[in-house]
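Read the structure below first, then the notes.
Atoms within each ligand, like the ligands themselves, are counted from 1 in listed order.
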Amino acid sequence: MKISNNDKTLDLSEPQIMGILNVTPDSFSDGGKFNQQDAAVKQALQLIDDGATIIDIGGESTRPGAALVSLDEELKRVIPVIKAIRQVSNVWISIDTSKAEVMKQAVAAGADLINDVRALSEEGALEVAVKADVPVCIMHMQGQPKNMQDNPNYVDVIDEVCEFLDTRITECINAGIKRENIILDPGFGFGKTMEHNFRLVNKFSQFLKFELPLLAGLSRKSMFDHLLGLKVDERLASSLTGALLCAQQGAHILRVHDVKETSHMLQVMQAANTY
Ligand code: 9MG
C-alpha cells in the first residue's frame, strides 16, 4: 500500500506517523505573527526529526464544541506556515480543513494531502479535491463538532461507519477522485461515546476490507478521560496503547501529538514482528 502525489510516494507497508501541527492563536503563545510562524516551522522540523513523515496543519479546532473560524482567518493561519515549511523540507504536508478555498490555496502553497473530518461534504470541497488530484482522507463523523457529543447513537457502530465510508468512497469516485487517492478514517471521538470508540479500536481490522489506506487518530482524545479520568496532558500511555492496537490491526497512518514516543512504540512493534 502507498500514497502518491506527482513524483512523491509514501510507502505504507509500515505505519507512518502524521504529526499534528495546530496553528491556532494559542498554539504558539509568545510574540507576533512572524515569531509564531517561526515557531510553527521549528515545531514541524522537530516533528520530522522525531519520526513524522506527514505534518498535518490545521487552523480550526475540530474539538467538541469548538468555535468556527472564518475563511480569511483560517487562510491567514495556515497558508504562510505551509509555504514556510515547504521552503525547508520536502516532508508530506497535510492540510486539515473542510473549506474548499483553504484546500485549494493550501495545495497551491505546497500541501500534498487533504485531511477533511467532514469527508469533503462542504460546498465546493469535492470539486477542489478532484481538481487538486492529491490524496484525501475522508473521515466518519456523526453530527458536527459543535453538537456531535450530545447524544451519539448507533445500532451497530462498526456497520454504520463502514456503510458511511462505503457510500462516500462511491460518491468520491463518481465525482472524479481516483480510488488510489482515498484514505479512510473511522473518526475516533467524532460523534461517538467511549464505548463506540473502544469498539472501533477492537474491530479496527474490519476496515481493511476496503483495501485502502487507514488512518487512526486517537491521540489525547477524551475517550481516555472517560475510561481513566485523565487530563489531556496525562493521556500519553493510553494514546500510545490505542495507537498500538490500531497499528497491530493494520492502520497505515497514525495521527498523533507525541511523535517521538509513537516512533519508539512502532519500532518496538516492528522488532517484535521481525525477530
Ligand atoms: C483534524 N482531526 C482531529 N482528529 C482527527 C482524526 O481522528 N482523524 C483525522 N483524519 N483528522 C482529525
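Atom CG of Leu240 sits about 11.0 Å away from atom CG of Leu245, to the nearest 0.5 Å.
Within 4.0 Å of ligand 1, contacts by protein heavy atoms are made from Thr62, Asp96, Asn115, Val117, Cys137, Met139, Asp185, Phe190, Leu215, Gly217, Lys221, Arg255.
Checked against ring-ring contact (aromatic ring centres under 6.0 Å, His included), His196 has the following partners two or more places apart in sequence or in another chain: Tyr154. Looking at residues two or more places apart in sequence or on another chain, you find a salt bridge (Lys or Arg N to Asp or Glu O under 4.0 Å) between Lys99 and Glu60, Glu74. Every residue two or more places apart in sequence or in another chain that forms a ring-ring contact (aromatic ring centres under 6.0 Å, His included) with Phe164 is listed here: His140.
Between Lys131 and Glu127, none of the side-chain N atoms (NZ, or NE/NH1/NH2) sits under 4.0 Å from a carboxylate O, so this pair counts as no salt bridge.
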Apply side-chain contact (heavy atoms from CB on, under 4.5 Å) to the pair Asp116 and Met103, showing each step before the final yes or no. CA-CA 9 Å; Asp116 185 3; Met103 292 174 189; 3.5 Å; yes
